[in-house]
Amino acid sequence: MKRACRCCSGQVTDRPILHYKNMPKAAQFFPTKDELAMEMGVELALYQCPKCGLIQLLDDPVPYYRDVIRTAGISGELREYREEFFRDFVETYGLKGKKVIEIGCGCGEFLSIMNTTGAIGCGLEHREESIAECRKKGLTVYQGFLEDGDTRLEGAPYDAFFIMNFLEHIPNPGEFLTGICRNLSEGAVGLVEVPNVDMVLKKMMFSEFISDHLMYFTKKSLGNLLELNGFEVLSCQSVWHDYVLSAVVRKREPIHLESFQEQLLKIKREINQFMDLHTAHGQKVAAWGAGHQALAVLALTEVQEKIAFVVDSAPFKQDKYTPGTHIPIVSPEYLEQKQPEVSAVLIMAASYSDEVAGIVKKKYRDMAIGILRDDGIEVIE
């Protein structure tokens, strides 16, 4: 049976790219002596999405996937590295005095370091025992998990977030990342780190795969997932002896189009002024151009009552009408026949407008010419 890709929802083939038997059922599962008779390994099948390239398991997550469990602790070397790395992150993106949340903070190993940088750090953790350890250290930690994109976090919105080797455990990463995004302020940044499968592939580390990790990210597939779920990837590099992919992201800002309405009103006003000037004595005004932009301008400016007809050189448009505004579309020859009645032409032919203006100026000498430019009406003398 085909399954949906965890990243792009494309159909993942039934044929695995790697298949292991008798594998550990979970990284944190260790059977007791009494359990040995019933304990057996599991099969591990690794798939790659043909659409986005993500390498993944299609199995259910381990029971404790909401919990961050860092059994190895932090060495002196790693602590020094993290202190410098977090300090640079905070300074580069102006996060001193700003609210930063770690998603899946475990016992506060990294959160404690972040709090030395001048940022106001807090954590989100699911496991009660880990939360208790964090609070013993004086850390601010909220209990919870981003179950879906609608989850609201205490203390939100946050100015930044970081998630350290946890995303690869999440069965629904799209919803998870959307949930993070919706709890951030506009322009917020983040640090996302996952195991580096580019190195795994290069060094043929065949033992790297485990049921806990549902996804195995290359630099490209990590970028795909982040970009699809509300973030711009500002940088992505391999760090910590190439074991980790570290991506800096920014919450994608929505495109604001309010100014389009202001521009429309300006164009509408100028077109009406042009029309009124040249119809004051009972004469007519024609438009030239029945391309999609011109048709939209006619519809949005509502000037169809002031335009006698629309000229277009395309035969398949002639003897028909503009959609929505129902203005007759005619040939250039028709304009020549009606020249005495028409006092002006408004040219809306996009990149061909100057060429059309040259034709009108040469052929219809007494006709006033206006060209619709991006910023308004240009009157051609």
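- In this structure, the side chains of Ile113 and Tyr81 stay at 4.5 Å or more apart for every pair of heavy atoms.
- Taking the side chain as every heavy atom from C-beta outward, Val285 and Lys306 never approach each other to under 4.5 Å.
- Between atom OG1 of residue Thr140 and atom CG of residue Asn115 there is a gap of 7.5 Å, rounded to the nearest 0.5 Å.
- At distances below 3.5 Å, not a single donor-acceptor pair connects side-chain atoms of Tyr216 with backbone N or O atoms of Val200.
- For residues 124-149, the set of pairs meeting the ring-ring contact (aromatic ring centres under 6.0 Å, His included) definition, not counting sequence neighbours, comprises Tyr65-Phe145, Phe145-Phe176.
- For Lys317, the salt bridge (Lys or Arg N to Asp or Glu O under 4.0 Å) partners are Asp312, not counting sequence neighbours.
- In terms of heavy-atom proximity, Lys266 sits nearest to Gly376 at NZ-CA, 3.9 Å.
- Counting only distance, with no hydrogens or angles, the side chain of Ser221 and the backbone of Phe217 share no donor-acceptor pair below 3.5 Å.
- Taking each heavy atom of His256 and Glu258 in turn, the nearest pair found is CB-OE1, 3.1 Å.
- Listed by first and then second residue, the salt bridge (Lys or Arg N to Asp or Glu O under 4.0 Å) pairs that reach into residues 185-204 are Arg82-Glu193, Glu186-Lys251, sequence neighbours excluded.
- The side-chain heavy atoms of Met348 and Gln293, taken from C-beta on, include no pair separated by under 4.5 Å.
- Here salt bridge (Lys or Arg N to Asp or Glu O under 4.0 Å) pairs that include residues 141-167, with residues two or more places apart or in two chains, are Arg66-Glu147, Asp150-Arg182.
- Taken to the nearest 0.5 Å, the CG atom of Asp59 stands 12.5 Å off from the NZ atom of Lys25.
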Can you give me every donor-acceptor pair (side chain of residues 15-22, partner residue at least two apart or in another chain, under 3.5 Å) with its distance?
residue, atom, partner, partner atom, Å
His19, NE2, Glu43, OE1, 2.7
Tyr20, OH, Phe206, O, 3.0
Asn22, OD1, Gly41, N, 3.4

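- Residues Thr116 and Phe86 are not in side-chain contact: their nearest non-hydrogen atoms beyond the backbone lie 4.5 Å or more apart.
- Among all heavy-atom pairs drawn from Ser211 and Val42, the shortest one is OG-CG2, 4.1 Å.
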Run the side-chain donor-acceptor check on residues 235-245: report pairs under 3.5 Å with partners two or more places apart or on a different chain.
residue, atom, partner, partner atom, Å
Ser238, OG, Asp242, OD1, 2.9
His241, NE2, Glu77, OE2, 3.3

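- The distance from atom NE2 of His169 to atom CE of Met215, rounded to the nearest 0.5 Å, is 9.5 Å.
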Acceptor/donor pairs from residues 336-346 side chains to any protein atom, 3.5 angstrom cut, sequence neighbours excluded:
residue, atom, partner, partner atom, Å
Glu341, OE1, Lys284, NZ, 3.3
Ser343, OG, His278, O, 2.6
Ser343, OG, Lys284, O, 3.4

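- Within the 4.5 Å cutoff, the side chain of Cys107 has heavy atoms near those of the Lys137 side chain.
- Contacts of Phe89 classified as ring-ring contact (aromatic ring centres under 6.0 Å, His included), with partners at least two apart in sequence or in another chain: Tyr93.
- Cluster annotation: Ile329 and Tyr352 are assigned to distinct hydrophobic clusters (Ile/Leu/Val/Met/Phe/Trp/Tyr, side-chain heavy-atom contacts under 4.5 Å, transitive).
- Follow the hydrophobic side-chain contacts under 4.5 Å out from Val310 and you never reach Val330; the two are in separate clusters.
- For Tyr364, the OH atom counts as densely surrounded, since its 6.0 Å shell holds more than 12 non-hydrogen atoms of other residues, nucleotides or ligands.
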Could you go through residues 225-234 and list every donor-acceptor pair under 3.5 Å that involves a side-chain atom there, pairing it with any protein atom two or more places apart or in another chain?
residue, atom, partner, partner atom, Å
Glu227, OE1, Arg252, NH2, 3.1
Glu227, OE2, Val233, N, 3.1
Asn229, ND2, Leu225, O, 2.8

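- Looking at Gln273 and Leu277, their side chains never come closer than 4.5 Å, going by heavy atoms from C-beta outward.
- Nearest heavy-atom pair across Asn183 and Ala156 is OD1-CB, 3.4 Å.
- Under a 3.5 Å cut-off, the side chain of Gln56 and the backbone N or O of Arg6 do form a donor-acceptor pair.
- Rounding to the nearest 0.5 Å gives a distance of 10.0 Å between CZ of Phe110 and CG of Leu191.
- Residues Val356 and Ile377 fall into different hydrophobic clusters, defined by Ile, Leu, Val, Met, Phe, Trp and Tyr side chains chained together at heavy-atom separations under 4.5 Å.
- The distance from the OG1 atom of Thr151 to the CG atom of Leu124 is 9.5 Å, given to the nearest 0.5 Å.
- For Glu102, the side chain to side chain donor-acceptor pair (under 3.5 Å) test picks out Arg70, with sequence neighbours left out.
- Between Val141 and Cys105, the shortest heavy-atom contact is CG1-SG, 3.8 Å.
- No side-chain donor-acceptor contact under 3.5 Å links Lys96 to the backbone of Val90.
- By the 6.0 Å contact criterion, CD on Glu35 is enclosed, its count of non-hydrogen atoms from other residues, nucleotides or ligands being greater than 12.
- Hydrophobic cluster membership differs between Phe274 and Leu264, with clusters built from Ile, Leu, Val, Met, Phe, Trp and Tyr side chains linked at under 4.5 angstrom.
- No donor-acceptor pair under 3.5 Å is formed between the side chain of Thr279 and the backbone N or O of Gln283.
- Proximity of Cys8 to Cys49: side-chain heavy atoms (C-beta onward) are separated by under 4.5 Å at one or more points.
- The structure places CD1 of Ile307 at 7.0 Å from CD1 of Ile271, a figure rounded to the nearest 0.5 Å.
- Follow the hydrophobic side-chain contacts under 4.5 Å out from Val297 and you reach Met275 in the same cluster.
- Proximity of Pro195 to Glu168: side-chain heavy atoms (C-beta onward) are separated by under 4.5 Å at one or more points.
- In this structure, Arg3 contributes its side chain and Leu58 its backbone to a donor-acceptor pair below 3.5 Å.
- With ring centers used as reference points, Phe309 lies under 6.0 Å from Tyr334.
- Clustering of Ile, Leu, Val, Met, Phe, Trp and Tyr side chains at separations under 4.5 Å places Phe260 together with Ile255, Leu257.
- In terms of heavy-atom proximity, Ile371 sits nearest to Ser353 at CG2-CB, 3.7 Å.
- For Tyr158, the ring-ring contact (aromatic ring centres under 6.0 Å, His included) criterion is met by no residue, not counting sequence neighbours.
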Report the C-alpha separation of Glu84 and Arg87 in whole Å, then their side-chain angles, then the decisive distance to 0.1 Å, and conclude whether the salt bridge (charged side-chain N to carboxylate O under 4.0 Å, His left out) test is met.
-> CA-CA 5 Å; Glu84 181 179 359; Arg87 186 168 57 251; 5.3 Å; no
